Amino acid sequence: MRAVRSLGPSAARTRSAILDMVRSSGTVSRIELAEMSGLTAASITRFVKSLLDDRLLVETGYGDPTGGKRRSLLELNPRARYAVGLSLDVARLSYVVVDLGGDVVGQLVSPGIGQSTPSVTVPRIADELEMLFRQVDLPVEDIVGVGVAGAGLDLGTGVDGWSATTDEWDSFAVQEALQKRLGLPVVRDNDAACAALGQYWTGRIPATQDFATLYMSLGFGMGLMVGGGVSRGASSNVGELGHMVVDIDGPECWCGSRGCLEMLAAPRAVVRRALASPGLAAELGLSGDEAHVRQDFDAVARAAAEGRERPRELVEDSARYVAAAVLSVVNLLDLDLLYLAGPGFVDAGAIYVRHIRERVAQVARTRAIHPVTVELSTPGADAAASGAATLALQHVLMPHARVRREPARS
């Protein structure tokens with residue numbers, strides 16, 4: 001069997017890589033772990049004992065007889081540790097508590113950031129997290145930390161740039177502020193990267209399987225998993241799919257370019273066209289208010305999913321642009337697995353899946369070599385929150401795959 005690429009030189013990193021192998025395998029024997037890792041049986045036995053002692057693994061019966069002693073099987077102990085994920089969004093704040101297996105055991109939704117400043121929102125987040133902790137009634141010592149997902153660039157400055165919020169958030173270090181209030185480790189990443197990591201964890205995807213997750217909220221992002229870790233780039237900004245140019249003569253984008261995917265296919269673009277369509281705004285109850293773009297898009301998407309002609313045309317137009325952008329990514333990265341996640345895909349995700357599948361099946365450069373699997377992510381609207389929770393689990397329990405966030409080169 002192929003050795004796992006992420007085994008590290010230190011005992012802690014090797015131990016975490018073994019834990020990750022058990023996670024992706026579901027159930028596995030010590031002998032199989034030795035074969036996968038390239039370690040000796042004695043080394044595997046030592047590391048497994050440590051993980052059993054920490055309750056991170058449990059023995060769960062025996063494998064099929066092979067003529068000798070039956071192999072005892074190992075699996076994650078899902079109730080050993082928990083983590084909290086928060087999706088920090090304009091329209092809503094979504095909190096989830098997940099166990100070690102990535103299953104949701106607690107959930108809370110509250111109004112989004114809107115135009116609120118950090119000084120107003122951060123105390124509310126802390127209060128809502130305390131409320132959630134009381135609801136799930138878990139031992140505090142078993143909660144390893146909090147993960148935060150949000151839109152925007154990481155400019156390598158140690159703070160978050162949240163592209164869809166008020167200016168005050170652009171230079172606000174939400175990670176440090178929450179950590180000080182909660183007394184728990186807090187890690188953060190962009191929503192697309194969190195969604196990809198959550199899919200990796202809950203889908204038991206092995207580190208040897210590279211894949212991407214396309215995330216749509218008010219804009220687009222793409223999380224790319226390579227070798228069991230999130231791909232970063234020079235300034236931790238891999239996946240800015242929203243600013244891929246799909247029409248060189250298209251409308252000007254706020255980024256300074258023209259014809260970006262965001263300007264042609266994102267929820268704002270769909271809503272803008274819906275508002276310009278005679279009678280459609282009144283028919284669907286669209287507000288036309290910038291603060292309610294998400295709700296307006298959801299109304300169009302629901303009508304499209306129901307088969308209503310004009311809304312469906314608008315969403316189909318968006319899906320064609322998205323499919324063209326995804327095709328370029330598939331050709332560039334030679335992907336064979338792609339997930340769609342985020343609130344933008346909740347109502348009309350099937351339309352986007354169909355267009356992407358058709359496009360890559362027809363003209364992907366490698367179509368004669370391998371198919372490209374395109375699926376909707378299971379967590380749906382809460383994919384970023386669930387992924388943020390697994391980010392916290394990975395950060396604490398799996399240092400071999402810990403997120404590396406290097407400063408931008410000067």
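This is a predicted model, so every value here is computed, not measured. The figures here come from the full heavy-atom set of this structure, side chains too, leaving out hydrogens, waters and symmetry mates.
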Checking Q209 against D336 for the side chain to side chain donor-acceptor pair (under 3.5 Å) test, could you report, in this order, the C-alpha distance in whole Å, the side-chain angles of both residues, the deciding distance, and whether it holds? CA-CA 9 Å; Q209 170 69 66; D336 65 354; 3.1 Å; yes

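- Salt-bridge formation is not detected for the pair D317/R312: no Lys NZ or Arg NE/NH1/NH2 atom is positioned less than 4.0 Å from an Asp or Glu carboxylate oxygen.
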Q107 vs Y95, side chain to side chain donor-acceptor pair (under 3.5 Å): CA-CA, chis, key distance, verdict: CA-CA 6 Å; Q107 198 164 8; Y95 305 81; over 6 Å; no

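- Looking only at distances, a side-chain donor or acceptor of D296 sits under 3.5 Å from a matching main-chain atom of S287.
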Is there a side chain to side chain donor-acceptor pair (under 3.5 Å) between S377 and Q199 once you walk through the steps? CA-CA 7 Å; S377 177; Q199 187 67 52; 2.8 Å; yes

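- We find that R23 and E75 are not joined by a salt bridge, their nearest charged nitrogen and carboxylate oxygen being 4.0 Å or further apart.
- Looking only at distances, a side-chain donor or acceptor of N331 sits under 3.5 Å from a matching main-chain atom of R365.
- Counted by atom type alone, Q394 and D20 present zero donor-acceptor pairs between their side chains at under 3.5 Å.
- Across all non-hydrogen atoms, the minimal contact from R30 to T45 is CD-OG1, 4.4 Å.
- For the pair V271 and V293, the tightest heavy-atom approach, listed with the atom from each and the gap, is CG2-O, 3.9 Å.
- Counting non-hydrogen atoms of other residues, nucleotides and ligands closer than 6.0 Å to CD of E141 gives a total above 12.
- Between L214 and F220 the shortest side-chain heavy-atom distance falls below 4.5 Å.
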Given R302 and R308, is the side chain to side chain contact (heavy atoms under 4.5 Å, CB included) satisfied, shown in steps? CA-CA 9 Å; R302 282 193 297 270; R308 294 162 73 171; over 6 Å; no

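- Qualifying ring-ring contact (aromatic ring centres under 6.0 Å, His included) partners for Y339, counting only residues two or more places apart in sequence or in other chains: F211.
- Just one residue in the list L182, V144, L184, L132 forms a side chain to side chain contact (heavy atoms under 4.5 Å, CB included) with V84, and that residue is L132.
- Taking a 6.0 Å sphere around CZ of R367, one finds it holds more than 12 heavy atoms contributed by other residues, nucleotides or ligands.
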Check the pair M225 / S231 against side chain to side chain contact (heavy atoms under 4.5 Å, CB included), numbers first and verdict last. CA-CA 6 Å; M225 295 294 295; S231 180; over 6 Å; no

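- When all heavy atoms of A177 and V122 are compared, the pair lying nearest together is CB-CG1, 4.3 Å.
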Could you go through S25 and R204, starting from their C-alpha distance and side-chain angles, then the distance that decides it, and tell me whether this counts as side chain to side chain donor-acceptor pair (under 3.5 Å)? CA-CA 7 Å; S25 299; R204 297 190 180 277; over 6 Å; no

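- No hydrogens or angles considered: nothing links the side chains of D191 and S87 as a donor-acceptor pair under 3.5 Å.
- Salt-bridge check for D54 with R81: failed, with every basic side-chain N at 4.0 Å or more from each acidic carboxylate O.
- Using modelled atom types, one side-chain atom of N190 and one backbone atom of A193 make a donor-acceptor pair closer than 3.5 Å.
- A donor-acceptor contact shorter than 3.5 Å is absent between the side chain of E262 and the backbone of G219.
- For the pair G227 and D210, the tightest heavy-atom approach, listed with the atom from each and the gap, is N-OD1, 3.0 Å.
- Considering all non-hydrogen atoms of both residues, C194 and D189 come closest at SG-CB, 3.8 Å.
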Residue pair T202, D103: steps toward the side chain to side chain contact (heavy atoms under 4.5 Å, CB included) verdict: CA-CA 7 Å; T202 59; D103 292 327; 5.7 Å; no

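- S24 places a side-chain N or O within donor-acceptor distance of the main-chain N or O of M21, the cut-off being under 3.5 Å.
- Side chains of S318 and Y352: a donor on one and an acceptor on the other come within 3.5 Å.
- Look at R357 and E375 and you find a salt bridge, because one of the NZ, NE, NH1 or NH2 atoms lies within 4.0 Å of a carboxylate O, short of that distance.
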From CA spacing to verdict: side chain to side chain contact (heavy atoms under 4.5 Å, CB included), L338, T373: CA-CA 6 Å; L338 175 76; T373 300; over 6 Å; no

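- Within 6.0 Å of the CD1 atom in I369, the count of heavy atoms belonging to other residues, nucleotides or ligands exceeds 12.
- Using a 4.5 Å heavy-atom cutoff, the side chains of C260 and C255 are in contact.
- Across S386 and V104, no two heavy atoms sit closer than the pair OG-CG2, 4.0 Å.
- Between K49 and D53, at least one side-chain nitrogen of the basic residue sits less than 4.0 Å from a carboxylate oxygen of the acidic one, meeting the salt-bridge criterion.
- For R92 and D89, the salt-bridge test fails: no basic side-chain N is under 4.0 Å from an acidic carboxylate O.
- Judged purely by distance below 3.5 Å, without hydrogens or angles, the side chains of S110 and R124 pair a donor atom with an acceptor atom.
- No donor-acceptor distance shorter than 3.5 angstrom exists from the side chain of E130 to the backbone of D127, with no hydrogens or angles considered.
- Counting only distance, with no hydrogens or angles, the side chain of T390 and the backbone of L393 share no donor-acceptor pair below 3.5 Å.
- Every side-chain contact (heavy atoms from CB on, under 4.5 Å) that R310 has, sequence neighbours left out, goes to S277, L280, E313, L314.
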